[in-house]
Amino acid sequence: MKKLIVYIFLLAGVLSACEDDLNVKPIDPNLVFGEEVYSSLEGYKQVLAKIYGSYHVAGQYGDDNESDLSTISDGGMSAYLRNYWNLQELPTGECMNAWNDGGLVAIQNGVWSADNQYVAGMFYRLYYMISLTNEFLRESAGGGVVEANPDEFKQMRAEAKLVRAIAYYHGIDLYGKMAIIDENSTEAYPTPATRVELFNWIVDQLENEIIPALPAAGNGEYGRMDAGTAYMVLAKMYINAVNFSGVENPVEGKTSYDEVIKYTEMVNAAYTFEPNYLKLFSIDNDEAEGIIFGLAIDASKTQGFSASQYIMSAGTNGALGNHVGNPSSNWGGNHATRSVYDKFQSRPAGDMRAKTQNISENLEYNTTMVINAGLDMDNPLDFTQGVNVTKFKNRTSDGTSNGADPYFVDTDYPMFRLADSYLMYAEAVVRGGNGTRDKALGYVNEVIERAYGNADNNISDADLTLDFLLEERGREFYWEGYRRQDLIRFGKFTTGDYLWPWKGGVINGRSLGAHRTVYPVPSSELAANPNAVQNDNY
């Protein structure tokens, strides 16, 4: 593995991201050394804030051209959730990028290689996050400060392990092969685990190391992960077990779809379903129900170019800036093919998730899609073609006010939310899990009722099929970084039987090679680590 030099101790003010206990004073890197940071409880909390902040902020200061890693030359483009979102959305038709950036265009065209800077950038982001958490775990293993605050350190260490588990969950999804590196690892050239080994390690960490030390689901401090987040990661692991591990039941003695039922029920019992869909993606979403973990984004404290900032800024141009509430940061990059819009056309009109207007109209605050130069796209590099998605906004959910800053946004990024748990439960039942169809149907219809504002368009049991659930997931979660994983799980990502405009880089779509369900291990990794192994057919 590329050796990472981690300056975990140098925390800037923009990294005091999490609220309350983690909202601490910045450390001046010119005055404070690492050993002093780890001499107080406050110092450890600052390091934990750095770990959380690394989802959104690429480096120490959040500058556009400053990054903790050098894999991607532009620091603003190298942040964790920005890369993750691109790798999940660009090859699916839910997003096309108009910047004529060779690396991004190759991803959306399904022709990425092991030399793609964004494929490599995410790979090393994962290991960077893992190294941050391992450093925290080594330093918090014992000593006076730790022993004097046992309960706080028990929880903080579990949070760090959960962040690490999420990095491995993302890694097994995106790359398949990863080396298991924990706080005690000493191997100079890490050897990748088999997919079954990695799957079992992630699950074991979540079930036995992490959940027992976290606050109960729904009882964590806002901006920090609790057991509900861990339950969601376990549900995501088990529902994707076949694609992640190669076998349906990789954990001995456990049936994967039954485990999905178990963990989604634990989530569903602990959280309340938010009745206002728009609130989930607005600046008041810190008050929304149904967000199991939201990454705290604050224009005055976390000025990065990832997460909800990237989604809004890259997805708008000057004509849309006032509509979404960030009039000074409109980059004109990401737009969608008509496949996003078309998913709603097979359902009755009135679904608020598909509120669409033409650019020439007076755009209403609850509009989520804007048509500019027409739904059809003959040039993916023309931002005005297809659909401009305005689902995320730097405005309050009633449209009455914008965020305080005209450039940086205040909308938190919902990494896990309750509707996903509802639809995973239903999917696990249809796939043979030990839940009930009545309950599954109830969960799906609760999602649909929110979308329409009434029960008039609820589905019947006969409608509850895998095909319906895939499309309903597309209607509920478009533009949120779900689609690639969903398409792979449902067997639709590479096939020529399920096409969308510009799939595989051609206007009417084409099939992809079956090996593209995972990304390649970067060439730089293969050159640096003699134990690294490339994925098949790359």
Side-chain angles (χ1 to χ4, degrees), residues 17 19 56 81-82 85 94-95 222-223 273-291 293-336 340-341 351-372 383-384 387-415 417 419 450-451 453 475-481:
E19 297 185 358
H56 174 49
L81 285 173
R82 178 165 173 169
W85 193 92
E94 281 196 355
C95 179
Y222 186 82
F273 197 68
E274 170 59 49
N276 182 359
Y277 184 75
L278 296 175
K279 193 169 185 176
L280 297 166
F281 314 102
S282 303
I283 61 174
D284 49 346
N285 65 353
D286 58 335
E287 301 171 355
E289 304 285 356
I291 295 180
F293 173 66
L295 182 65
I297 305 295
D298 187 304
S300 65
K301 297 175 184 175
T302 49
Q303 295 182 359
F305 298 87
S306 181
S308 44
Q309 181 77 48
Y310 175 65
I311 292 172
M312 278 185 266
S313 293
T316 54
N317 60 5
L320 297 169
N322 287 327
H323 170 55
V324 300
N326 60 328
S328 298
S329 57
N330 317 119
W331 308 339
N334 292 332
H335 55 139
V340 174
Y341 172 89
D351 189 327
M352 66 166 300
R353 299 170 299 185
K355 175 65 183 300
T356 305
Q357 289 186 272
N358 192 282
I359 191 70
S360 61
E361 300 177 80
N362 182 25
L363 298 179
E364 300 175 26
Y365 80 96
N366 58 345
T367 292
T368 58
M369 299 185 201
V370 177
I371 299 171
N372 191 335
F383 173 80
T384 66
V387 179
N388 295 136
V389 178
T390 59
K391 174 176 175 176
F392 283 78
K393 294 185 175 68
N394 191 37
R395 304 177 69 178
T396 53
S397 54
D398 60 4
T400 57
S401 60
N402 292 355
D405 191 290
Y407 192 97
F408 290 103
V409 307
D410 284 306
T411 305
D412 295 346
Y413 182 81
M415 285 184 68
R417 59 188 189 88
R450 177 173 66 185
R475 289 184 282 265
E476 176 69 16
F477 301 118
Y478 70 91
W479 218 242
E480 294 183 57

Report yes if the side chains of [X] and [Y] come closer than 4.5 Å at any heavy-atom pair, otherwise no.
{"X": "I311", "Y": "V389", "answer": "no"}
{"X": "N394", "Y": "V324", "answer": "no"}
{"X": "T411", "Y": "I297", "answer": "no"}
{"X": "H323", "Y": "K393", "answer": "yes"}
{"X": "N322", "Y": "P327", "answer": "yes"}

task: Would you please name every residue forming a salt bridge (Lys or Arg N to Asp or Glu O under 4.0 Å) with D284, sequence neighbours left out?
output: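 Expected list: none.
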
- request: Can you sort out the partners of K391 under salt bridge (Lys or Arg N to Asp or Glu O under 4.0 Å), two or more places apart, ordered by chain and number?
  value: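 Counting only residues at least two positions away or on another chain, K391 forms a salt bridge (Lys or Arg N to Asp or Glu O under 4.0 Å) with E480.
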
Is the backbone of [Y] close enough, under 3.5 Å, to the side chain of [X] for a donor and an acceptor to pair up by distance?
{"X": "R82", "Y": "F305", "answer": "yes"}
{"X": "E274", "Y": "E289", "answer": "yes"}
{"X": "N372", "Y": "I359", "answer": "no"}
{"X": "N388", "Y": "G315", "answer": "no"}

Closest approach of [X] and [Y], non-hydrogen atoms and distance?
{"X": "I283", "Y": "S401", "value": "CD1-O, 4.3 Å"}
{"X": "V409", "Y": "S308", "value": "CG2-OG, 4.0 Å"}
{"X": "F408", "Y": "A299", "value": "O-CB, 3.4 Å"}
{"X": "A419", "Y": "F477", "value": "C-CZ, 3.7 Å"}
{"X": "D410", "Y": "A404", "value": "OD2-N, 3.5 Å"}
{"X": "L81", "Y": "L295", "value": "CD1-CD2, 3.6 Å"}

Side chain to side chain donor-acceptor pair (under 3.5 Å) involving [X] - partner list, sequence neighbours excluded:
{"X": "S360", "result": "N358"}
{"X": "T367", "result": "Q357"}
{"X": "N276", "result": "none"}
{"X": "T368", "result": "Y478"}

What is the distance from atom [atom1] of [X] to atom [atom2] of [Y], rounded to the nearest 0.5 Å?
{"X": "Q309", "Y": "F392", "atom1": "CD", "atom2": "CZ", "result": "12.5 Å"}
{"X": "L320", "Y": "T390", "atom1": "CG", "atom2": "OG1", "result": "7.0 Å"}
{"X": "N402", "Y": "S282", "atom1": "CG", "atom2": "OG", "result": "10.5 Å"}
{"X": "N366", "Y": "S397", "atom1": "CG", "atom2": "OG", "result": "11.0 Å"}

Under the rule for ring-ring contact (aromatic ring centres under 6.0 Å, His included), what residues qualify as partners of [X], not counting sequence neighbours?
{"X": "W85", "value": "Y310, W479"}
{"X": "Y365", "value": "none"}
{"X": "Y341", "value": "none"}

Salt bridge (charged side-chain N to carboxylate O under 4.0 Å, His left out) partners of residues 352-370, not counting sequence neighbours, each pair once: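 For residues 352-370: D351-R353, R353-E472, R353-E476, K355-E364.
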
Polar contact flag, side-chain donor to acceptor under 3.5 angstrom, H56-T302: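 No, no side-chain donor-acceptor contact under 3.5 Å.
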
message: Regarding S313 and S329, do their side chains bring together a donor and an acceptor under 3.5 Å, going by distance alone?
response: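 S329 and S313 do have a side-chain donor-acceptor pair below 3.5 Å.
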
- request: List for me each residue that meets side-chain contact (heavy atoms from CB on, under 4.5 Å) alongside N330, sequence neighbours excluded, and say none if there are none.
  value: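 Result, side-chain contact (heavy atoms from CB on, under 4.5 Å) vs N330: T316, N326.
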
task: Output all residues satisfying side-chain contact (heavy atoms from CB on, under 4.5 Å) with P275, sequence neighbours left out; order by chain, then residue number.
output: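 Listed in chain order: nothing, the list is empty.
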
